[in-house]
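Structure, as structure tokens:
Basis for what follows: all heavy atoms, side chains included, without hydrogens, waters or symmetry-related copies.
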Amino acid sequence: MEQTDASGVKRSLTEELATRWSSLPFMAFGVWTAWSSLTYSGSLWLSDNEVNGFYLSLLFVISTMTFAVVFLGASFFARRHADKGDVSDRVVMGFGLLAALGAFLIILAGPYWLGVSRRATSVFVVGAIMTGAGTAGIGLRCATLYGGLPPRRALITAALSQLVASFIYFVVLATPAWAPIAHGPSLTHILAFTLLPVVAAWLSCIKPSHESLFEENVRQYPANSGALPAAFWRFSAFAFALALITTFIRSSMVTVSALANTVEGNNVLQLLRIAMVLVVIAWTLRSDAQGFDLGRVCSLATVLAAVVTACSAALGGTTSALSVLVYFASSIFEFFMWCLLAFIVYQKHISPLAVFGFGRGLFMLGCALGWALGIVVMPSIEAASAQVVVSIVLAGTIIILWLALFSGKDYERLFSTVGEDELSLEDLFEIDQRLDEGTEAGQPKSERKGKFGQAVEAIAARNALSAREAEVLRCLAMGYGSERIAQTMGVKVNTVRTHTHNVYVKLDVHSREELMRLVDDEVAGQ
């Protein structure tokens with residue numbers, strides 16, 4: 001289906017949707033998250049004769065382990081081929097269909113279809129592997145999408161996608177319970193289980209309509225894009241350890257609980273996530289970026305995970321809502337970790353396959369190993385006092401690893417500016433406003449537009465900048481690097497550097513940060 005816009009150009013339905021809802025492609029992250037939440041609660045595919053979480057645990061470990069392997073493999077691939085920042089749309093859709101087929105095999109392996117047999121178990125394992133590999137491909141495309149967003153917008157868009165995930169989650173659970181086979185999964189749950197990965201893949205293939213929203217969807221990453229900072233490796237190592245410990249606690253409850261209890265706990269987790277993202281949205285929509293400290297948020301999530309872990313066994317955490325709180329703390333960390341990885345891609349121009357592949361891959365590997373250890377170790381500890389000791393040791397381990405591997409100074413180092421094209425995290429959070437006021441579709445406007453445009457023209461006039469120098473000033477204040485400015489203005493990089501030097505001399509500034517603060521002061525004084 002095609003539609004014609006005001007200029008007479010025919011556009012497909014997806015292009016029209018992307019134009020009217022510019023964040024639509026990024027909602028693939030939410031659809032994928034909804035599928036994961038529904039799948040790992042067991043509500044979409046388990047039959048009502050399941051008495052514990054054995055098959056749920058088996059699916060989680062196999063699927064998540066496969067997911068981690070694909071992500072880590074993508075990271076090693078990207079480090080060898082640093083200019084590769086994305087995968088093709090056909091490959092992404094293939095991943096979506098692979099996950100759908102895997103979900104269908106899991107449904108077929110249910111006891112009401114094939115019965116309890118070795119054949120059913122084999123089909124189930126193959127299906128779990130396919131869902132892990134398929135959703136990993138979708139996740140890599142989502143990583144590329146979010147890596148192209150300025151930090152403030154990446155954070156808001158990720159929060160909105162989580163609201164979409166919660167909406168899908170509760171809508172699917174509220175659908176009619178009619179089942180094709182008595183006592184088996186409902187028809188709507190089967191459809192959601194098999195089709196949501198395809199929907200997520202399709203959404204991720206829609207090209208963002210505005211370059212101001214998505215800076216460089218087909219960005220070519222430099223040859224040294226594999227040079228990840230040392231702080232990144234330490235942060236990833238801690239993420240692996242935190243995921244392992246918190247999932248260890250969570251799995252010990254799921255394995256011995258009835259399906260209804262697991263679903264109820266997951267419902268509470270979704271409600272807590274909604275509250276979290278609403279706070280994030282309200283926080284991020286502030287007019288300035290002063291006081292924003294993502295490292296502090298991760299620290300708070302870490303402390304919460306440690307405290308609740310220490311209390312879980314003492315207060316019956318293996319059968320209570322405390323294990324849900326442990327998992328919620330991990331979810332907070334996971335959400336902000338996703339955003340932090342996107343910030344790294346955007347600031348340092350490193351391939352998203354390398355950054356997300358290793359960072360997210362290690363986190364998911366920790367989840368898989370933690371779940372596997374939890375279902376083996378915790379049930380074997382019968383004494384309540386021993387469980388308390390284990391929980392306290394795990395809580396202490398979380399704190400020690402956080403202090404040893406990734407302190408507040410490490411967070412600052414992670415976003416320290418090294419090259420000319422890199423900005424501080426605070427400056428990166430201010431790019432959205434500059435883009436909205438000073439550009440459209442990535443092209444600077446000659447006419448004044450908003451306070452930002454007025455400030456740039458006032459500074460240019462007061463310091464006798466030429467037209468070209470004023471244009472370079474505008475681009476520099478919006479956070480563009482030399483190569484991006486050269487492409488925008490249609491000149492050589494050396495020409496841009498000459499104009500940049502002249503601008504610095506005339507404005508009496510010595511760094512990009514000083515220049516941006518000068519423009520900010522001008523805007524504030526209007």
Please find the pair of heavy atoms, one from [X] and one from [Y], that lie closest to each other, and give the distance.
X      : Y      : answer
Ser41  : Asn266 : CB-ND2, 3.5 Å
Arg273 : Ser331 : NH2-OG, 3.2 Å
Ile344 : Phe232 : CD1-CD1, 3.8 Å
Pro185 : Leu44  : CB-O, 3.5 Å
Pro151 : Tyr346 : CD-CD2, 4.0 Å
Cys339 : Ala158 : SG-CB, 3.8 Å

| message | So that I know where these two stand, are Phe363 and Trp338 an aromatic pair - ring centroids less than 6.0 Å apart? | response |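 Centroid distance Phe363-Trp338: not below 6.0 Å, so no.
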| Between Phe356 and Phe71, does the ring centre distance come in under 6.0 Å? |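 So the answer is no for these two rings.
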Nearest 0.5 Å, please: how far is [atom2] in [Y] from [atom1] in [X]?
X      : Y      : atom1 : atom2 : answer
Leu163 : Met276 : CG    : CE    : 9.0 Å
Ile107 : Phe124 : CD1   : CZ    : 10.0 Å
Leu98  : Ile138 : CG    : CD1   : 9.0 Å

| Check: Thr131/Ser63 side-chain N/O donor and acceptor closer than 3.5 Å |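 Distance-only check passes for Thr131 and Ser63.
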| query | Is it the case that Trp45 and Thr39 place a side-chain donor and acceptor less than 3.5 Å from each other? | reply |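 Distance-only check fails for Trp45 and Thr39.
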| Partners passing ring-ring contact (aromatic ring centres under 6.0 Å, His included) against Phe104 (at least two apart in sequence or in another chain) |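 Partners of Phe104 under the ring-ring contact (aromatic ring centres under 6.0 Å, His included) test: none.
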| field | Residues in ring-ring contact (aromatic ring centres under 6.0 Å, His included) contact with Tyr169, at least two apart in sequence or another chain | value |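 Partners of Tyr169 under the ring-ring contact (aromatic ring centres under 6.0 Å, His included) test: none.
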| query | Between Phe95 and Phe67, is a ring-ring contact (aromatic ring centres under 6.0 Å, His included) present by the stated rule, with each step listed? | reply | CA-CA 12 Å; Phe95 276 119; Phe67 184 104; over 10 Å; no
| said: I'd like to know if the side chain of Arg141 reaches the main chain of Val92, judged simply by a donor and an acceptor atom lying under 3.5 Å from each other, with no hydrogens or angles considered. | reply: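 No, because the side chain of Arg141 does not come within donor-acceptor range (under 3.5 Å) of the backbone of Val92.
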| Is a donor on one side and an acceptor on the other found under 3.5 Å between the side chain of His189 and the backbone of Val172? |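 The answer is yes, because a donor-acceptor pair under 3.5 Å joins these two groups.
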| said: Check the orientation of Trp35 and Tyr40. Use parallel for under 30°, tilted for 30 to 60°, and perpendicular for over 60°. | reply: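 Aromatic pair Trp35/Tyr40 classed perpendicular.
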| Heavy-atom distance under 4.5 Å between the side chains of Phe336 and Leu155, does that happen here? |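 Yes; the side chains approach each other to less than 4.5 Å.
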| message | Looking at Phe170, I want to see if its CZ is surrounded by more than 12 non-hydrogen atoms of other residues, nucleotides or ligands under 6.0 Å. | response |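 Above 12, so yes.
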| request: Going by the ring pair (Phe, Tyr, Trp, His ring centres under 6.0 Å) test, name the single residue among Phe235, Phe328, Phe240 that passes it with Phe333. | output: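 Only one of Phe235, Phe328, Phe240 forms a ring pair (Phe, Tyr, Trp, His ring centres under 6.0 Å) with Phe333, namely Phe235.
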